[in-house]
Every structure is written in structure tokens, then in C-alpha cells.
Amino acid sequence: MTSKYSFTPPELPSTICYLNGEFCPLAQAKISVLDRGFIFGDGIYEVVPIYFGKPFRFEQHMNRFQRSLKELRIENPFSNVEWLEIINTLASRFAESVNQKVEDTNQIIYLQISRGVAPRDHVMTKGISPTVFVMTNPLKAISPELRNAGVHCVSAHDFRWEKAHIKATSLLGAVLSRQMSADMDATETIMFRGDNLSEASSSNVWIVSNGTVFAPPKDNLLLEGIRYGLIEEICGEIDIPFVLRPISRNEVFNADEVLLSSATKEVLAVTKIDETVIGSHTSHSGQPGPVYKRIYKAYQNYIERICKNTN
Ligand code: PDD
């Protein structure tokens with residue numbers, strides 16, 4: 001019987017992906033309906049940016065991947081060298097497909113491992129091969145207009161589970177929370193557990209107060225973004241005090257600046273949360289502030305230093 005729905009599905013990218021040892025066009029990649037990633041969201045993923053053809057903070061991403069896999073008791077089927085080989089092959093094939101040199105491309109790699117295919121049973125099935133999937137897409141930079149204007153966010157209670165440190169493919173909490181901001185034409189949903197800031201649906205959240213950058217401590221209540229370590233390093237380089245400690249709702253709404261960070265957003269200034277204009281007591285009221293600008297510039301310099309002309 002065919003479905004009564006006849007929507008035209010969105011067009012899928014025509015890029016090459018990697019699935020279980022084979023490279024094939026993304027639209028043709030197929031997995032079993034009994035894959036535990038499909039049935040339970042029983043898998044782990046990573047999102048690694050590539051700048052100038054080179055994976056950025058690759059080791060840090062793979063360390064987090066390994067930590068998450070360990071929580072799920074899934075064995076990593078590859079060494080970092082083998083992962084890198086797959087990633088580099090995909091990146092080169094993508095560059096070829098758009099007639100560019102790989103070193104002239106910025107891409108975003110998505111990699112995922114699920115536990116594998118088995119009859120449906122909640123207990124972790126032993127002795128099955130994990131399903132390994134990797135794809136790449138162009139890294140879409142945030143537009144200069146948005147960067148200059150900053151973004152609006154909404155706030156919400158963090159209703160997700162208490163293992164937010166695992167980068168799991170079960171992302172219903174992220175989908176539901178992100179939709180709350182999408183419904184308001186806002187960029188992110190900034191969440192609080194009780195009075196404490198945790199993170200946004202797919203970004204970490206930072207505040208700036210009296211020249212110091214603050215973020216919540218790394219624990220099980222948030223995903224430690226790869227930018228946690230990077231922003232700490234950058235703040236050290238450009239002499240901005242950096243402190244991890246619990247942050248209250250009041251501190252967020254009354255901060256001099258609020259920032260988001262993620263692989264795709266890099267760092268991004270938040271200028272309004274709900275109806276509150278950020279930094280209304282400062283000369284940059286409702287605009288990206290000076291600390292954001294310094295960190296963003298240092299971030300771009302860092303990328304160039306690490307990735308440009310080092311292939
Ligand atoms: N999201 N917190 C959550 C819940 C996230 O999903 C992400 C990343 C981050 C930032 O992590 P990083 O700096 O390593 O990108 C924080 C990715 C990009 C995603 O799911 O697409």
C-alpha cells in the first residue's frame with residue numbers, strides 16, 4: 001500500500017559519503033530498518049569543521065567521540081589515522097565534485113557510529129558490527145550581516161536528560177528545544193536547569209561580565225563543545241580572564257555580552273534573549289560587544305595559523 005502523503009521530499013545533496021567500508025552517493029546510501037541507530041538512537045556522532053582542506057581540532061573531536069562511545073560501550077572500529085584517511089578521501093572527493101582544490105574548500109564533516117543491526121531489544125546487543133557513516137557538506141559561514149547584527153535567542157527550561165555530555169544521535173531534546181526558537185524566528189534556545197545556565201539546543205553559551213568570559217562548568221548537564229578548550233586557549237593568548245563556574249539566569253540576562261559557540265557558529269554574539277536586550281547598560285547595547293569582536297578575530301587568526309598552507 002502506498003502512503004496517502006505525496007509531498008515532494010527536499011532534494012538531498014549529491015555528494016559522496018562513506019557507509020560501512022564503501023564510498024557511494026549520499027542519496028543511494030541505505031541502512032537496515034533494524035539498525036539500532038534508527039530504532040533507538042543508539043549511536044554517537046561528531047561534527048568536525050574542515051578549513052582550507054584540513055580538519056580543525058581533529059584530535060579533540062576524536063577524543064570526545066571516544067569518550068561518548070565508551071559511555072555506550074561501543075568499540076571504536078578505527079584508529080584516528082584510519083578516520084583521518086576516510087575524512088581526507090571524502091573531503092578530496094567533495095572538492096573534485098565542485099572543481100576546486102581541496103585546500104580552497106571549507107567543509108563540515110559529520111561522522112556517526114551506531115551499535116549496529118539486531119532484532120529490537122533494549123539490551124545492548126553484543127557481537128554485532130557497528131554501522132559507520134560519514135558525510136561532508138560545504139561549511140556555510142554565518143553571513144557578515146548576522147555577525148555584525150548579532151542574533152536573537154529564546155530562553156527555556158532545560159527538559160533534556162542528565163547525560164547531556166554524551167554526543168548521542170538520540171537528539172529529540174535538541175530538536176524540540178531548537179524548534180522553540182525556530183518558531184519565534186530566533187537562532188537558538190538558551191536553557192536553564194533551575195536557576196543555572198546549561199547550554200543551548202546545539203551550542204554552548206558564554207557570558208562576558210566586566211571583561212571576564214564565563215561559562216558553566218563541564219559536567220554531565222551539558223555537552224563540552226570542542227570550543228570550550230579552544231576559547232580557553234584563545235582567551236589565554238589575548239589576555240582575557242576565563243572562568244568556568246555555575247552561572248545564574250540573572251547573570252545571563254544582565255551580562256555585558258552573551259555568546260554562542262559551536263563548530264558551525266564558531267563564536268556568535270547574542271544581542272537579545274526573549275524581550276531582553278543584552279548589554280543595555282553598556283555603550284554596545286543590543287550589538288555585538290568588544291570581547292566578542294576580539295575573540296572572533298583571534299578565532300579566525302587561529303584557523304589560518306593551524307589550517308592554511310599546512311597540507
Ligand atoms: N552541535 N552543545 C550541544 C548540545 C551541541 O549539540 C553542540 C554542537 C555544542 C557545541 O559543540 P562544538 O563546539 O563541539 O561544536 C554544544 C553540533 C555542531 C551539531 O549537533 O550539529
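All values below come from the heavy atoms of this structure, side chains included, with hydrogens, waters and symmetry mates left out. Nothing here was measured: the structure is a model prediction, and the numbers come from that model. In each ligand, atom 1 is the first atom listed, and ligand 1 is the first ligand listed.
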Checklist line | Proximal candidate to atom 4 (C) of ligand 1 [heavy atom criterion; set Gln60, Glu266, Glu199] | finding: Glu199
Next item on the list: Before signing off on this row, confirm whether Arg160 and ligand 1 have an N or O atom pair separated by under 3.5 Å.
Entry: no
Margin query: So for ligand 1, is Arg64 a polar contact partner (N or O within less than 3.5 Å, distance only)?
Written below: yes
Using a strict 4.0 Å cut-off to heavy atoms of [X], name the atoms of ligand 1 that fall inside it.
X	answer
Arg227	12 (P), 13 (O), 14 (O), 15 (O)
Ala263	12 (P), 13 (O), 15 (O)
Ser201	4 (C)
Ile226	12 (P), 13 (O), 14 (O)
Tyr45	6 (O), 19 (C), 20 (O)

Considering only the protein, which heavy-atom contact is closest to [atom], and what is its distance?
atom	answer
atom 10 (C) of ligand 1	Asn204 OD1, 3.6 Å
atom 21 (O) of ligand 1	Val47 CG2, 3.7 Å
atom 11 (O) of ligand 1	Gly225 CA, 3.2 Å
atom 17 (C) of ligand 1	Lys167 NZ, 3.5 Å
atom 7 (C) of ligand 1	Ser202 O, 3.3 Å

[Y] versus [X], side-chain donor and acceptor atoms under 3.5 Å:
X	Y	answer
Tyr18	Arg93	no
Thr189	Ser181	yes
Asp274	Ser155	yes
Gln100	Thr105	no

Please tell me if the side chains of [X] and [Y] come closer than 4.5 Å, counting only heavy atoms from C-beta onward.
X	Y	answer
Glu224	Arg64	no
Met180	Leu176	no
Phe253	Ser280	no

Next item on the list: Using the six-membered ring wherever Trp is involved, compare the ring planes of Phe242 and Trp206 and label them parallel, tilted or perpendicular (cut-offs 30° and 60°).
Entry: tilted
Next item on the list: Have a look at ligand 1 and work out which part of Ala164, if any, has a heavy atom under 4.0 Å from it: side chain, backbone, both or neither.
Entry: neither
Next item on the list: Taking side-chain contact (heavy atoms from CB on, under 4.5 Å) as the test, write out the residues that go with Pro290, two or more places apart.
Entry: Glu257, His284
Check: Of all the heavy atoms in Thr264, does at least one lie under 4.0 Å from an atom in ligand 1?
Finding: no
Check: Any heavy atom of Ala174 sitting closer than 4.0 Å to ligand 1?
Finding: no
Margin query: Looking at Met124, I want to see if its CE is surrounded by more than 12 non-hydrogen atoms of other residues, nucleotides or ligands under 6.0 Å.
Written below: yes
